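Have a look at the structure below before the remarks.
Just so we're clear, the structure is a prediction, and the values are computed from it rather than from any experiment.
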Amino acid sequence: EEAGIASLEALGQGQFGGAAGTVASWAKFAAIEAKKQLVDSREDPQVKEQREARRKARAEMRNQQLQFEKELAEDALARAEEIRQKGNDDYRQGQLPGNARSRDDFARAVRCYTRASTVLTECLDELKISDAEIVEVKKQRGLLFSNAAQVQLMLEKWEEAAELAENAIKDDPTGLKPKYRMVRAQVGLQNWEVAAKVADEALQSMKSRPAKEVDDLRLEFWALAETISKELPDFKWSVAKPMKEEKVEVDFEKRIVGKWDYGPPGKGQYYEIILEKWGALYWKEGDMRIDLLRKGKLRWRGEYEMVSGMVLLLSYEPGADIVVTEFIPPPDVPEEQKWTGPTKFTAKRLAEPEKAPEPEIVTDLDPPPPPEEVRAIPQHVDPEQTGKEAEEEAAAAQSQLPLPQNTPQSLWLSGLGDCDGQYDILTEEEAAPVSRSSGGPSKAVYCRQGGTPVRHLWYRGGNWVVTELLNLSSLASPALGRCPEPSGRCRHPMEVRRAKWWIRKGRNQEEMSSTAKLEASPTQTAAHNKTSQTSSSTSSTLTTTTTAAPTAATLAGEGKEEDDNTLPPTLYLAGREGTGNEVNGRYEMSHHTWAQKPVYVQVDPPMPFDQEKPLSLFFDHGYWAIARGVSSLPKAVARCHPLSDSKHPADVQGAPWEFQCDNSELRAFMSTNTRKFMVDRWVKLETSPPDVSQPCTSKATNAKTMEPEWEEKKEELQQQKQSLGQGQQDLHTDTALSKEEILVEIPKEAGSCEQPSPAGGDDFDEMD
């Protein structure tokens with residue numbers, strides 16, 4: 001074997017037949033393989049096995065590291081993409097014509113791109129061996145740097161734009177857009193030599209790329225090259241300038257304006273594309289309106305406000321003069337609810353009907369002159385007028401109708417977060433730009449008074465919306481909350497029947513609000529202003545009433561005595577010692593209700609600084625409960641089960657208060673009925689402040705006086721527990737009862753200041 005290897009090495013050195021052709025190269029390769037096989041055959045089997053085990057372990061560790069880095073990169077790319085989309089939205093809003101806050105939108109876009117690039121930079125620090133993920137993450141980071149550079153160019157911040165473009169080129173050396181933005185930034189800085197060098201390198205790299213990909217950018221680069229050549233006339237470009245072609249610029253947005261027929265002939269199925277004087281382009285069919293944003297030379301895109309996440313894609317074929325529309329449904333729609341019909345339509349231009357000539361009426365006698373009538377608003381259309389003129393006159397007459405006399409001058413909105421507050425109607429001059437935007441009768445426009453930021457309530461695109469700006473574009477001024485009303489007949493939002501409000505949760509995300517309410521009367525009075533401020537943290541989960549303070553007449557029905565109709569505005573709870581003593585104090589009635597009963601909020605003693613919400617006293621699932629925050633699954637500190645229907649917490653007919661006694665089995669989805677509570681009969685809830693002048697027997701004193709009764713009561717309770725049967729699950733795991741447990745079951749003596757236990761009342765609650 002060694003002699004054979006020596007012969008192969010001689011051939012590899014060109015001896016003998018190795019001088020012919022490629023024999024020497026193959027002989028070298030064969031000699032190396034033969035040496036390797038010889039070493040393997042002579043290796044100790046045990047050593048070989050250990051070496052193979054180490055190799056497999058290294059390979060396994062490498063595979064695990066590759067998988068970890070792949071998942072890490074995917075997560076970082078997803079988070080960066082979400083932030084990038086927000087930045088793109090801000091950039092598009094800044095580009096809208098007439099946007100007075102464009103610089104603020106651009107600044108927000110830069111911050112979004114910077115945050116997204118930071119996410120990818122942190123990910124790159126963790127990537128060590130996964131070359132594919134490193135390349136992809138760097139490419140996406142370069143895209144973010146390039147986008148941020150473009151925004152800085154719009155703001156004319158040349159130095160920041162140059163730095164960002166340089167970072168983008170480092171991450172994506174083959175990208176043309178970062179180089180174009182670098183050239184623009186250097187031209188702005190008047191660094192002509194650097195600009196010329198970068199532009200010349202970019203023009204050279206375009207020679208090896210398909211013409212369709214680089215034609216537009218090539219023209220842009222040569223436009224910059226002409227500017228540079230004026231300052232550097234001696235600079236020699238390495239690429240010849242292309243012949244200038246005379247091109248007639250066509251405004252395709254004006255060409256697609258008009259009516260487009262997409263249905264079978266004679267069915268009258270058409271939509272309209274409208275271009276406003278200020279540059280806003282939108283698609284309209286009936287009451288449905290979608291604002292369009294240009295995505296390419298012949299492509300537009302829009303989002304339908306009434307269905308969150310639904311997108312309209314529109315493209316134009318100038319040769320055939322047709323428009324192709326495609327509706328993309330929201331991605332989160334369940335499979336069984338998805339639309340199975342066609343979503344893509346091809347439309348042809350609908351020719352305007354020729355106006356029919358008006359018939360000539362010849363009479364022998366002149367008609368009598370019409371009586372003079374002064375009417376500010378035409379009530380009908382002249383029957384002799386036909387076609388489009390009659391329709392336009394009727395629409396104009398309808399749009400000039402004044403608002404009804406019953407239009408509320410002020411509205412109160414609640415349940416929509418930072419959109420809550422009082423909205424006052426705007427004057428006709430202030431609301432003129434948008435009050436008649438729907439094409440029908442003019443509609444009321446409201447503006448929030450005394451709130452920051454500004455909020456407007458008005459009608460747009462088949463919805464009563466709450467926006468920051470009075471702008472017809474849903475991109476420039478997205479709806480923060482909306483109430484659908486596609487018919488467009490309602491002149492003000494209080495005319496909407498069965499109103500359902502939707503609240504915006506993010507980009508293309510919204511959800512229905514079950515607590516939002518719009519009222520024509522104030523939801524609180526000055527007498528409860530202090531209370532409402534204390535309970536503002538719980539207002540988003542409550543139903544706002546239309547009166548200043550709820551009464552028994554509104555909650556329990558009419559026909560009661562006048563004395564029974566008044567709810568106590570203030571309650572006082574006292575007597576709790578030890579765990580749960582934070583419930584002691586004064587409770588004021590808020591302007592909210594829960595389960596058709598009043599809600600009280602603790603105002604004295606003041607809430608500790610480390611607590612986010614004050615204690616609330618409300619009715620839930622048959623109990624008056626005390627918890628931090630009002631909800632259907634409250635983590636109640638205390639509760640009271642009234643013996644009959646009670647209008648307020650003090651009307652419980654002597655029922656005792658129970659306090660939570662064990663937190664060891666608490667879980668997230670446990671309700672008031674499934675937690676463990678223990679009765680405390682020393683606790684009292686009254687409508688007047690407690691009288692501290694009279695002495696009250698303490699628990700410790702009472703316990704000593706009742707020592708003889710403990711054993712007897714203990715045996716009685718043990719028998720009751722045994723009679724519950726095997727099917728009941730007892731939360732008290734200890735079979736022995738403590739003295740405190742027995743103590744709460746023994747009625748108080750006549751001399752005590754506490755009430756005896758009600759007949760039939762259980763002493764502690766069992767979990768279902």
Side-chain angles (χ1 to χ4, degrees), residues 53-92 94 104-155 157-186 188-189 191 194 197-198 201-202 205 209 217 331 505-509:
R54 289 194 299 270
R55 184 185 63 79
K56 290 181 180 180
R58 287 195 299 269
E60 182 67 23
M61 291 180 61
R62 178 179 175 81
N63 291 336
Q64 292 179 1
Q65 181 67 16
L66 288 173
Q67 183 64 25
F68 168 75
E69 293 185 0
K70 182 179 179 181
E71 294 175 356
L72 184 67
E74 290 176 352
D75 178 66
L77 289 172
R79 288 187 288 129
E81 176 65 17
E82 183 178 358
I83 302 174
R84 184 179 74 88
Q85 291 294 342
K86 294 180 182 178
N88 289 350
D89 289 344
D90 292 329
Y91 176 69
R92 294 190 189 105
D104 295 337
D105 293 330
F106 288 148
R108 283 196 299 270
V110 171
R111 289 195 293 269
C112 288
Y113 295 141
T114 303
R115 288 206 325 267
S117 61
T118 303
V119 171
L120 297 184
T121 301
E122 293 174 354
C123 175
L124 283 172
D125 294 339
E126 300 292 332
L127 300 180
K128 304 299 181 183
I129 60 175
S130 183
D131 296 337
E133 275 67 29
I134 292 175
V135 171
E136 180 63 23
V137 172
K138 281 189 174 181
K139 184 176 180 181
Q140 292 301 319
R141 189 177 66 171
L143 175 64
L144 293 168
F145 286 144
S146 179
N147 288 356
Q150 173 63 25
V151 181
Q152 298 289 20
L153 290 175
M154 299 292 292
L155 296 173
K157 296 182 178 181
W158 311 117
E159 293 183 0
E160 292 84 349
E163 182 180 357
L164 289 166
E166 183 178 2
N167 292 335
I169 294 173
K170 291 179 180 177
D171 285 340
D172 186 13
T174 61
L176 292 176
K177 284 188 177 180
K179 295 179 180 178
Y180 172 73
R181 288 159 184 169
M182 168 66 85
V183 175
R184 282 191 57 190
Q186 297 299 338
L189 292 171
N191 293 334
V194 178
K197 180 181 178 181
V198 176
E201 291 176 354
S205 64
R209 298 196 179 189
L217 273 176
K505 290 297 184 181
R507 185 176 182 271
N508 293 335
Q509 295 178 1

field: Candidate pair R92 and D89, rule side chain to side chain contact (heavy atoms under 4.5 Å, CB included), full reasoning
entry: CA-CA 5 Å; R92 294 190 189 105; D89 289 344; 3.1 Å; yes

message: Apply side chain to side chain contact (heavy atoms under 4.5 Å, CB included) to residues E74 and K70 and explain how you reach the verdict.
response: CA-CA 6 Å; E74 290 176 352; K70 182 179 179 181; 3.4 Å; yes

- prompt: side chain to side chain contact (heavy atoms under 4.5 Å, CB included) between L120 and R79: does it pass, once the steps are laid out?
  reply: CA-CA 9 Å; L120 297 184; R79 288 187 288 129; over 6 Å; no

task: Any chance you could lay out the side chain to side chain contact (heavy atoms under 4.5 Å, CB included) test for L66 and E133, step after step, and finish with the verdict?
output: CA-CA 9 Å; L66 288 173; E133 275 67 29; 5.9 Å; no

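S117 has its side chain within reach of F145: a pair of non-hydrogen atoms, C-beta onward, lies under 4.5 Å apart. By the 4.5 Å heavy-atom criterion applied to side chains, R141 and N167 are not counted as neighbours. For the pair S205/T174, no side-chain contact is recorded, criterion being any heavy-atom separation below 4.5 Å from C-beta on. Between Q150 and R181, some side-chain heavy-atom pair lies under the 4.5 Å cut-off. The shortest distance between side-chain heavy atoms of Q152 and L164 falls below 4.5 Å. Considering only heavy atoms from C-beta on, L144 stays 4.5 Å or farther from Q140 through its side chain. Looking at heavy atoms from C-beta onward, Q64 lies in side-chain contact with E60 at the 4.5 angstrom threshold. Taking 4.5 Å as the limit, every side-chain heavy atom of Y91 sits out of range of all side-chain heavy atoms of D105.
Exactly one of N147, I83, N88, V151 qualifies for a side chain to side chain contact (heavy atoms under 4.5 Å, CB included) with C112. That residue is I83.
Atom-to-atom distance recorded for C123:SG and L77:CG is 6.5 Å, nearest 0.5 angstrom. In this structure, NZ on K128 lies 14.5 Å from CZ on R62, to the nearest 0.5 angstrom. Summarising the geometry, atom CD belonging to E136 is positioned 13.5 Å from atom CG belonging to D131; distances are rounded to the nearest 0.5 Å. Interatomic distance, M182 CE to E163 CD, rounded to the nearest 0.5 Å: 9.5 Å. Note: I134 CD1 to E126 CD = 11.5 Å, rounded to the nearest 0.5 Å. With rounding to the nearest 0.5 Å, the separation of CD in E166 from CD1 in I169 is 7.5 Å.
With E69 contributing its side chain and S130 its backbone, the two residues share a donor-acceptor pair below 3.5 Å. For N63 (side chain) and A59 (main-chain N/O), a donor-acceptor pair under 3.5 Å exists by modelled atom type. In this structure, K157 contributes its side chain and M154 its backbone to no donor-acceptor pair below 3.5 Å. Using a distance-only test at 3.5 Å, with no hydrogens or angles considered, no donor-acceptor pair links the side chain of K179 to the main chain of A165.
Residues A162 and L189 share a closest heavy-atom pair of CB-CD1, 4.3 Å. For A168 against S146, the heavy-atom pair with the smallest separation is CB-N, 3.8 Å.
The number of heavy atoms from other shown groups lying within 6.0 Å of CD (Q67) is above 12.
Looking at D172 and K139, no side-chain N of the basic residue comes within less than 4.0 Å of a carboxylate O on the acidic one, giving no salt bridge.
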